[in-house]
**Q** 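Please read through the structure below; I'll follow up with questions.
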There are 2 protein chains.
Amino acid sequence: MSRSRLQESRNLFVRRWGEMSAYWGITRTMAEIHALLFISNQPLSTDDIMTALAISRGNASMNLRSLVDWGLIERVHERGQRREFFRAIPNVWHMFETITRQRQRREVEPILETIRRCRDLVSDESARRGESAAEIRAYRERLDDMLAVLTAIGKIVDLMLRLGPNGLRRLNATLLRLVP
Amino acid sequence: MSRSRLQESRNLFVRRWGEMSAYWGITRTMAEIHALLFISNQPLSTDDIMTALAISRGNASMNLRSLVDWGLIERVHERGQRREFFRAIPNVWHMFETITRQRQRREVEPILETIRRCRDLVSDESARRGESAAEIRAYRERLDDMLAVLTAIGKIVDLMLRLGPNGLRRLNATLLRLVP
DNA sequence: GAATCGATTCAGTCAGTTTTGAACTTTCAG
DNA sequence: CTGAAAGTTCAAAACTGACTGAATCGATTC
């Protein structure tokens, strides 16, 4: 009875975490594997995972590799066992930090780079003459706005990560008093 | 000449913004339309957009509706014109705020809800007896960790949004002195 | 060194998503 | 009221990216 409740609860969690995958920028199966490992006490083998999620060996293998690459899970070699096991990083904050830093690097940096390039393309000399001078100025202003906000967000995110959960809790408490 | 540079720059921006779409949780075309409107001085008509992005009328219509629903663009009725025009919300911070709040509501809230439900499913009574008591305790602990971190992040995000860009800039400056 | 067990890879398949385009609706001018 | 211009909807087609499964590789045991 308690067994089945636990089972039900775990299934629910895995399914929902899978649905959240897009939010974290990973694929559904990847998220499900991660969820499964996260809520398991012991490391699980590839076969455990294949069975639990009803996926093929190849699929499991590829997604496990990705998760290791992302730094969200790690391989565990039980001594005297040929097959390998996997375990999720148990520290939730660390997990969040990992995901955030990777996305910042993979997804935000490139666009910052592009916006700068876009601005350079229409910088000074090209704006000097012509009826489009005002248009160019307006355009560049928008790019700068965008750049400013994205940069500010990047900084605050970085700060947040460096503060860690405790610093964050304290900061939050302090600020809530200031900004009610 | 300056014309073509501007054009090139705009195209680059639209394309890259489109590639970023997944990061913001919207579809590629939606992001491209948004980018196009964002960097245009004047409101654009559906036909302008169809031409610029080489998409069908239906596609444009659907995505424009979504963008309006998201609150990222707005319809503009030029007086004496039957056709409608669209314009992006020019305030970048506001745009960011809109996206963040929506995603918080659409994607984070549901998973918080689910985690709570998962915890309730295995609460007290079901854990009372049986060899799985320790297992259940460990499981519940993980859920609580996850809940704690997600809640903390939610709070800090909310705070960030309430502080706005100026408050954020000040906060950032202050904290950078404290946490070098 | 052959056999076995398990992990990895990747070409082909498939499911889910996006886009199209034609039918339909709405709005307005004459 | 009629016709034309614009907007919307949705079933079907096209596309994209994830998944499978068979071939391959590598490690371990006998």
Side-chain angles (χ1 to χ4, degrees), chain A residues 14-15 17-37 42-70 72-87 106-107, chain B residues 14-15 17-37 42-70 72-87 106-107:
Chain A
V14 169
R15 233 174 310 121
W17 200 246
E19 285 165 19
M20 278 280 287
S21 56
Y23 186 78
W24 302 105
I26 60 182
T27 67
R28 164 182 292 264
T29 304
M30 221 170 138
E32 288 194 347
I33 293 177
H34 177 256
L36 186 64
L37 289 171
Q42 308 83 15
L44 301 182
S45 71
T46 304
D47 290 82
D48 293 336
I49 292 164
M50 287 164 56
T51 310
L53 303 180
I55 59 176
S56 71
R57 182 170 297 281
N59 194 4
S61 176
M62 305 252 266
N63 280 296
L64 283 165
R65 166 209 272 283
S66 287
L67 283 166
V68 171
D69 287 348
W70 271 76
L72 296 177
I73 67 172
E74 49 192 24
R75 284 168 205 279
V76 183
H77 291 281
E78 308 251 302
R79 40 182 264 87
Q81 279 264 216
R82 192 187 311 177
R83 76 163 81 188
E84 30 189 24
F85 291 79
F86 298 87
R87 153 174 62 215
R106 297 183 192 196
E107 305 180 59
Chain B
V14 169
R15 234 175 308 118
W17 200 247
E19 285 164 19
M20 277 281 287
S21 57
Y23 186 79
W24 301 106
I26 61 182
T27 67
R28 164 181 290 265
T29 304
M30 222 169 133
E32 288 193 346
I33 294 176
H34 177 256
L36 185 65
L37 290 172
Q42 309 83 14
L44 301 182
S45 70
T46 305
D47 289 81
D48 293 336
I49 293 165
M50 287 165 56
T51 309
L53 304 179
I55 59 176
S56 70
R57 181 171 299 281
N59 195 4
S61 173
M62 306 250 267
N63 280 297
L64 283 166
R65 166 210 273 284
S66 288
L67 283 166
V68 171
D69 286 348
W70 271 77
L72 296 176
I73 67 172
E74 48 192 23
R75 284 170 204 277
V76 183
H77 291 280
E78 309 252 302
R79 42 183 263 89
Q81 278 264 217
R82 193 188 310 178
R83 77 162 79 188
E84 33 189 21
F85 291 80
F86 299 87
R87 151 173 65 214
R106 296 183 193 196
E107 306 180 59

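Chain naming here is simple, since letters A, B, ... match the order of the sequence lines and numbering starts at 1 in each. When reading the values below, keep in mind they use all heavy atoms of this one structure, side chains included, and skip hydrogens, waters and symmetry mates.
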**Q** Take the protein atom CD of B:Gln81 and the nucleotide atom P of C:dC28, then report the distance between them rounded to whole Å.
**A** 13 Å
**Q** Of the candidate nucleotides D:dT20, C:dT8, C:dT19, which contains the atom at the shortest distance from the side chain of B:Ser56?
**A** C:dT19
**Q** As an exercise, state the distance from CD1 of A:Ile73 to CZ of A:Arg75, rounded to the nearest 0.5 Å.
**A**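 Answer for the CD1-CZ pair, A:Ile73 versus A:Arg75, is 7.5 Å.
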**Q** May I have the distance from B:Arg75 (atom CZ) to C:dT26 (atom C1'), rounded to whole angstrom?
**A**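 Rounding to the nearest Å, CZ of B:Arg75 and C1' of C:dT26 are 13 Å apart.
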**Q** May I ask you to verify if any side-chain N or O of A:Arg83 is less than 4.0 angstrom from the OP1 or OP2 atom of C:dG6?
**A**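 True: A:Arg83 side-chain N/O within range (under 4.0 Å) of C:dG6 OP1/OP2.
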**Q** Whole-Å distance between D:dT20 P and A:Leu53 CG?
**A**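 So the CG-P distance, A:Leu53 to D:dT20, works out to 11 Å.
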**Q** Round to the nearest Å and state the distance from A:Ile49 atom CD1 to D:dC19 atom C1'.
**A**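 Rounding to the nearest Å, CD1 of A:Ile49 and C1' of D:dC19 are 16 Å apart.
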**Q** Roughly how far apart are A:Met50 CE and A:Leu44 CG, rounded to 0.5 Å?
**A** 13.5 Å
**Q** Round to the nearest Å and state the distance from B:Ile55 atom CD1 to C:dT20 atom P.
**A** 7 Å
**Q** Which parts of residues 59-69 of chain A get close to DNA chain D, meaning a heavy atom less than 4.0 angstrom away?
**A**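 Contacts with DNA chain D under 4.0 Å: A:Asn59, A:Asn63.
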**Q** Rounded to the nearest Å, what distance is computed from the CD1 atom of residue A:Ile26 to the P atom of nucleotide D:dA18?
**A** 12 Å
**Q** Between A:Thr29 and D:dC19, does any side-chain N or O lie under 4.0 Å from OP1 or OP2?
**A** yes
**Q** Using whole Å, what does the distance between atom P of nucleotide D:dC10 and atom CZ of B:Arg57 come to?
**A** 18 Å
**Q** Which value, rounded to the nearest 0.5 Å, describes the distance between A:Glu84 atom CD and A:His77 atom NE2?
**A** 4.5 Å
**Q** Pick the nucleotide of DNA chain C nearest each of A:Arg82 and A:Phe86; which residue has the one closer to the 5' end?
**A**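 Closer to the 5' end of DNA chain C: A:Arg82.
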**Q** Categorize B:Ala22 for me: base, sugar-phosphate, or nothing, with a 4.0 angstrom heavy-atom threshold over every strand shown.
**A**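 The answer is nothing, as B:Ala22 stays clear of every strand by at least 4.0 Å.
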**Q** For the backbone of A:Ser45 and the side chain of A:Asp48, can you confirm whether one donor and one acceptor N or O come within less than 3.5 Å of each other?
**A** yes
**Q** Rounded at 0.5 Å granularity, tell me how far CG in A:Leu53 sits from OG1 in A:Thr29.
**A**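 A:Leu53 CG to A:Thr29 OG1: 7.5 Å, rounded to 0.5 Å.
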**Q** Rounding to an integer number of Å, can you tell me how far A:Phe85 CZ sits from C:dG6 P?
**A**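 That distance rounds to 10 Å.
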**Q** Would you tell me if any nitrogen or oxygen in the side chain of A:Thr46 comes within less than 4.0 Å of OP1 or OP2 on C:dA7?
**A**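 Yes, because at least one side-chain N or O of A:Thr46 sits under 4.0 Å from OP1 or OP2 of C:dA7.
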**Q** Closest heavy-atom contact between A:Thr46 and A:Ala60?
**A**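 Nearest heavy atoms, A:Thr46 then A:Ala60: CG2-CB, 4.0 Å.
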**Q** Nearest 0.5 Å please: distance from the CE atom of B:Met30 over to the NE2 atom of B:His34.
**A** 9.5 Å
